Peer 1: 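Below are the structure tokens for one structure; questions will follow.
Source: prediction; values computed, not measured. Here is the naming used below: chain letters follow the sequence lines, and residue numbers restart at 1 for every chain.
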Amino acid sequence: MNVQSCFQSLKRANRCQKTLISTIDPSSGVSLLGNVPETPLRFFSSLDSSHTSFISDGYHISRVSELVSKQHWSELKTIVRETNPNRFLQLLFESEVDAEIVLRYGEIRAQLHALVKSERHSNSSIFHTISVWSDRFCSNSIIVDMLILAYVKNSKTDSAFEAFERAGDYRFKLSVLSCNPMLNALVKEGKIGIAETAYKEMIRRRIAPNLITFNTVINGLCKAGKLQKAGDLVEDMKAWGCSPSVITYNTLIDGHCKMGRVGKMYKADVLLKEMVSKNIFPNEITFNILIDGYCKDENVSAAMKLFEEMQRQDLKPNVVTYNSLINGLCNQGRLDEALSLQDGMLGSNVKPNVVTYNALVNGFSKKGMLKEARVLLDDIAKQNMAPNVITFNTLIDAYCKVGKMGEAIALRGLMFDREVCPDISTYNCLIAGFCREGNMEGASNLLNEMGDKGVRADLVTYNILVGALCRDGESRKAVRLLNEMFEMGLSPSHVTYNTLVDGFCREGNLKAALNMRMRMEKEGRRANVVTYNVLIRGLCLKGKLEEANGLLNEMLEKGLIPNRITYEIVREEMMEKGFVPDIDGHLCSKKPHQRVPLQALEF
DNA sequence: CTAGGGTTAG
């Protein structure tokens, strides 16, 4: 940090402080460049027992200054013990030490952590206090950086973002040091929209992004499926003197593998070639991403070729590599090959972990080999590993699907013994199991147990129950559950509404079904293909073929593409009754006009 | 401080 920028920032901060103080306390008359006022520091009150003139104690200040600049942390520690932490903070501000060094000192971080954890102080009161601190060394901005870091580390991401915004209002100049971890936390929590806003705001405030900033935001965009924007950002990097790294490409490739549409693996391959052409060489993770991508694309043979290729390039497959392949093989029903691959990994000194076993448990379950899957559960323990929620959920769901509810419930009991807490997924599997066999009492018992254990019902739970009620011709009761969802702060999904529309159709109550569709649109869920399929079938069953045809055309006009089920309904319910819908004509004449370039819709 | 693997509803 140079003197020039420090001075400017100081002036800015002071201007800001003046206006703030005058709005809050016009009569305070606090000398902004002088002493630290006592009142705003009250937020450290638990630590602050007296108000002596410690802060002007010249000896202590120079001593601290000396120790900090020499980075004698252990001696500083003894001073901290003798004084109280609050005073120590003040001393640091008064001693003219390099801000960068202050930043490195963990004690301040510890203080801010405690402050953030206690949750006793609002963002605004903290900012007010910081803003009235004297700032001769430009350390206030750094303190705000540290504050945001403290929020992030205590997983209070929203507060971190609030502080980030407020820092802008107060004109504290933040650094990537706090912005990057905040962006990453936002991405990890799936708050991509907020991360994007924060990134744009960084640019506006001239906080220079670095490679890590870009990688983090690109990752967020990929996770949100905004692959185009992610690609555009790679171009923007150059303007900031950054060039893409292996991590950038790995992130992009993974984004395409997981979020891409048809031909996504082709696109992934193009990116792979692009990185190599730029002399950025794929590493283990690149291969792992591609191997997993091809496995998910049901192209295990391509994945196996990459597996061999990576070894040719002297890159060693690790647990993740094997897990992807084993999982891919299991999902193809190729259990024998999966098991021999597991032998292979033992031969190459790669130890299987819970994830490996979970994939195998799933493989056995899908083959209906529940006995073998169950044996594997005990094997995990024998290997000195602990089965986790996913292991149990996989097995429990398998038992539920074949109607062995007794076994499933027993496994839930075993979870408690092994101190693995059943989660909402566990309960959803079990509740769905009971609902399938019409045992609503069993389902209800589990709902009560959830209440006792403090596990909250989620969207899926409600969908299961709505589905069960609709199936039993109790759609009216299901509507009550729909209303209850809002009270619980859950927003019903397409599945929820479609299930209800279907329920009313099955009961022959078309009016109620159409009303439910109106309600769903009013509540912000546009009817989708499933909605139309369900309604069209309902109309057909009532013999209202003309009206069904009308809906068919309506769905085409809205640009919805009919799926396999639509065609089945058309063929079986309309054509077989001698009615010929004009579906093909519409498909040909309307579709080209409705095609809008995707980029145009992005903004 | 940035990238990779396992389950679940419909």
Side-chain angles (χ1 to χ4, degrees), chain A residues 145 149 152-153 175-185 187-188 209-220 222-223 242 244-255 257-258 282-293 295-296 317-328 330-331 352-363 365-366 373 387-398 400-401 422-433 435-436 458-468 470-471 493-499 502 530 534:
Chain A
D145 266 327
L149 267 175
V152 170
K153 292 224 170 101
S175 74
V176 282
L177 227 71
S178 69
C179 293
N180 287 348
M182 180 188 73
L183 286 171
N184 191 39
V187 168
K188 291 277 144 69
N210 61 12
L211 178 61
I212 293 173
T213 318
F214 282 108
N215 286 345
T216 308
V217 177
I218 288 169
N219 185 29
C222 284
K223 296 276 136 66
C242 298
S245 65
V246 219
I247 298 184
T248 320
Y249 273 101
N250 286 348
T251 310
L252 270 177
I253 293 174
D254 191 52
C257 287
K258 296 205 168 67
N283 60 14
E284 289 90 341
I285 297 182
T286 321
F287 276 98
N288 287 348
I289 291 167
L290 286 165
I291 286 171
D292 193 60
C295 283
K296 296 274 152 67
N318 60 17
V319 227
V320 180
T321 325
Y322 282 102
N323 287 346
S324 288
L325 283 166
I326 289 174
N327 190 44
C330 284
N331 283 329
N353 60 15
V354 215
V355 180
T356 322
Y357 283 104
N358 287 348
L360 289 168
V361 167
N362 185 37
S365 299
K366 290 274 150 68
N388 61 17
V389 222
I390 297 179
T391 327
F392 280 103
N393 289 350
T394 310
L395 210 45
I396 286 175
D397 186 60
C400 288
K401 289 235 165 89
D423 63 4
I424 183 60
S425 303
T426 322
Y427 285 104
N428 285 342
C429 292
L430 288 164
I431 291 170
C435 287
R436 267 193 292 266
D458 69 356
L459 175 66
V460 177
T461 323
Y462 277 94
N463 285 348
I464 295 165
L465 295 171
V466 166
C470 288
R471 182 202 54 198
S493 63
H494 277 103
V495 179
T496 326
Y497 291 107
N498 289 343
T499 311
D502 188 41
V530 181
V534 161

Peer 1: Is the closest side-chain donor-acceptor distance between A:Thr248 and A:Thr251 under 3.5 Å?
Peer 2: no

Peer 1: Step by step, would you call A:Ser425 with A:Asn428 a side-chain hydrogen bond (donor to acceptor under 3.5 Å, both in side chains)?
Peer 2: CA-CA 5 Å; A:Ser425 303; A:Asn428 285 342; 5.5 Å; no

Peer 1: Treat a base pair as Watson-Crick or G-U wobble with both distances under 3.5 Å, then lay out DNA chain B in dot-bracket form, 5' to 3', with | for cross-strand pairs.
Peer 2: ..........

Peer 1: From the options B:dG6, B:dG10, B:dT2, select the nucleotide whose nearest atom is closest to the side chain of A:Arg436.
Peer 2: B:dG10

Peer 1: Using ring-ring contact (aromatic ring centres under 6.0 Å, His included) as the criterion, list what pairs up with A:Tyr322, not counting sequence neighbours.
Peer 2: A:Phe307

Peer 1: I'd like to check the salt bridge (Lys or Arg N to Asp or Glu O under 4.0 Å) partners of A:Asp292; sequence neighbours left out, ordered by chain and number.
Peer 2: A:Lys296

Peer 1: Would you kindly say whether A:Thr286 and A:Asn283 are connected by a side-chain donor-acceptor distance under 3.5 Å?
Peer 2: yes

Peer 1: Within less than 4.0 Å of OP1 or OP2 of B:dA3, is there a side-chain N or O belonging to A:Lys258?
Peer 2: no

Peer 1: If you only use heavy atoms from C-beta on, which nucleotide in B:dA9, B:dA3, B:dG6 is closest to the side chain of A:Thr251?
Peer 2: B:dA3

Peer 1: Would you mind classifying the nucleic acid contact of A:Ile289 as base, sugar-phosphate or nothing, using non-hydrogen atoms under 4.0 angstrom?
Peer 2: sugar-phosphate

Peer 1: Taking the minimum atom-to-atom distance to the side chain of A:Thr216, which one of B:dG6, B:dA3, B:dT2 wins?
Peer 2: B:dT2

Peer 1: Figure out the CD1/C1' separation between A:Ile285 and B:dT2, and round it to whole Å.
Peer 2: 11 Å

Peer 1: Should A:Lys188 be listed as having a side-chain N or O under 4.0 Å from OP1 or OP2 of B:dA3?
Peer 2: yes

Peer 1: Give the nucleotide from the list B:dT8, B:dC1, B:dA9 with an atom nearest to the side chain of A:Ile212.
Peer 2: B:dC1

Peer 1: Over how many whole Å does the gap from A:Asp502 atom CG to B:dA9 atom C1' extend?
Peer 2: 15 Å

Peer 1: Please determine whether a side-chain nitrogen or oxygen atom of A:Asn219 lies at a distance below 4.0 Å from atom OP1 or OP2 of B:dT2.
Peer 2: no

Peer 1: NA contact type, A:Val319, heavy-atom cut-off 4.0 Å: base, sugar-phosphate, or nothing?
Peer 2: base

Peer 1: Starting at atom CZ of A:Phe287, determine the distance to atom P of B:dA3, rounded to an integer number of angstrom.
Peer 2: 20 Å

Peer 1: So if I take every side-chain heavy atom of A:Asp397 and compare against B:dA9, B:dA3, B:dG6, which nucleotide ends up nearest?
Peer 2: B:dA9

Peer 1: Nearest whole Å is fine: how far is B:dT8 C1' from A:Phe392 CZ?
Peer 2: 16 Å

Peer 1: Between A:Asn362 and B:dT7, is there a side-chain N or O to OP1/OP2 distance below 4.0 Å?
Peer 2: yes

Peer 1: How many angstroms lie between CD1 in A:Ile247 and CG in A:Leu252, if you round to the nearest 0.5 Å?
Peer 2: 12.5 Å

Peer 1: Is there a donor and acceptor pair, one atom on the side chain of A:Ser425 and one on the base of B:dT8, closer than 3.5 Å?
Peer 2: yes

Peer 1: With a 4.0 Å cutoff (strictly under), does any side-chain N or O of A:Asn428 reach OP1 or OP2 of B:dA9?
Peer 2: no

Peer 1: Could you check which of B:dA9, B:dG6, B:dT2 has an atom nearest any side-chain atom of A:Lys401?
Peer 2: B:dA9

Peer 1: So, taking the atom named CG in A:Leu325 and the one named OG1 in A:Thr356, what distance separates them when rounded to the nearest 0.5 Å?
Peer 2: 11.5 Å

Peer 1: What's A:Asn283 touching, base or sugar-phosphate or nothing? Going by heavy atoms closer than 4.0 Å.
Peer 2: base

Peer 1: Classify the side chain of A:Asn388 and the base of B:dG6 as holding, or not holding, a donor-acceptor pair under 3.5 Å.
Peer 2: yes

Peer 1: Rounded to the nearest angstrom, tell me the gap between atom CD1 in A:Ile424 and atom C1' in B:dT7.
Peer 2: 14 Å

Peer 1: In Å and rounded to the nearest 0.5 Å, what is the SG to CD1 distance from A:Cys295 to A:Ile326?
Peer 2: 10.5 Å

Peer 1: Please give, in whole Å, the distance from B:dG6 P to A:Asn358 CG?
Peer 2: 10 Å

Peer 1: Check the distance between B:dC1's P and A:Asn215's CG and give it to me in whole angstrom.
Peer 2: 15 Å

Peer 1: When you check the phosphate oxygens OP1 and OP2 of B:dG6, does a side-chain N or O of A:Asn327 lie under 4.0 Å from one of them?
Peer 2: yes

Peer 1: Which is it for A:Ile291 and A:Thr321 under the side chain to side chain contact (heavy atoms under 4.5 Å, CB included) test, yes or no, and what are the steps along the way?
Peer 2: CA-CA 7 Å; A:Ile291 286 171; A:Thr321 325; 3.7 Å; yes

Peer 1: Check every strand shown and say whether A:Asp423 touches a base, only sugar-phosphate, or nothing at a heavy-atom separation below 4.0 Å.
Peer 2: nothing

Peer 1: Rounded to whole Å, please give me the gap between CG in A:Leu395 and C1' in B:dG6.
Peer 2: 14 Å

Peer 1: Looking at B:dG6, B:dC1, B:dT7, which one has an atom nearest to any side-chain atom of A:Pro181?
Peer 2: B:dC1

